[in-house]
Amino acid sequence: MGARVAVDRGLCLGSGMCLVYAPGTFAHDDQAKAIVRDPAGDPADVVETAVEACPTGALSLLPDEDGA
């Protein structure tokens with residue numbers, strides 16, 4: 001993807017918008033907070049849409065750790 005997805009659990013309210021837009025990438029844990037289940041679970045543009053749709057801004061795209 002060229003970027004990795006980060007979840008700020010302090011901001012996440014569990015709205016589920018990430019699951020609506022990118023169900024292959026995101027899931028909810030036992031606290032109904034977003035987690036990244038599979039970073040490659042959806043196409044990059046779909047994940048970007050999910051990040052943008054997060055109502056609390058809890059999701060963000062960060063550069064890959066290898067600098068890509």
Side-chain angles (χ1 to χ4, degrees):
M1 172 189 318
R4 64 183 175 92
V5 182
V7 179
D8 183 329
R9 293 180 53 81
L11 291 176
C12 181
L13 296 178
S15 73
M17 294 307 295
C18 56
L19 300 176
V20 170
Y21 286 101
T25 300
F26 297 99
H28 275 165
D29 65 9
D30 59 351
Q31 296 177 353
K33 302 264 185 170
I35 58 170
V36 178
R37 176 177 57 182
D38 179 1
D42 294 289
D45 62 326
V46 171
V47 174
E48 289 175 22
T49 299
V51 169
E52 292 170 4
C54 179
T56 64
L59 305 176
S60 57
L61 293 173
L62 305 172
D64 272 340
E65 292 170 354
D66 64 6

When rounded to the nearest 0.5 angstrom, what is the spacing between CZ in Arg4 and CG in Leu62? 5.0 Å
How long is the straight-line distance from OG of Ser60 back to CD of Glu52, given to the nearest 0.5 Å? 12.5 Å
How far apart are the closest heavy atoms of [X] and [Y], and which atoms are they?
| X | Y | answer |
| --- | --- | --- |
| Phe26 | Leu19 | O-CD2, 3.1 Å |
| Thr49 | Tyr21 | CG2-CD2, 3.6 Å |
| Leu11 | Thr56 | O-OG1, 3.1 Å |
| Cys12 | Ala34 | SG-N, 3.2 Å |

Hey, quick one: are Leu59 and Val36 part of the same hydrophobic cluster, counting side-chain heavy atoms closer than 4.5 Å, chains of contacts allowed? yes
Say whether Val51 and Val7 are linked into one hydrophobic cluster, either directly or through other cluster members, by side-chain heavy-atom distances under 4.5 angstrom. yes
Given the rule in the side-chain contact (heavy atoms from CB on, under 4.5 Å) test, do Glu48 and Leu61 qualify, once you have shown the distances and angles that lead to the verdict? CA-CA 8 Å; Glu48 289 175 22; Leu61 293 173; 3.4 Å; yes
Is Pro55 close to Met17 at the side-chain level, that is, under 4.5 Å between some pair of heavy atoms? yes
Counting N and O atoms only, with roles assigned by atom type, does the side chain of Asp42 sit under 3.5 Å from a partner on the main chain of Gly24, one being a donor and the other an acceptor? yes
Sequence neighbours excluded, the answer for salt bridge (charged side-chain N to carboxylate O under 4.0 Å, His left out) partners of Asp29 is Arg9
Can you name the salt bridge (charged side-chain N to carboxylate O under 4.0 Å, His left out) partners of Arg37, sequence neighbours left out? none
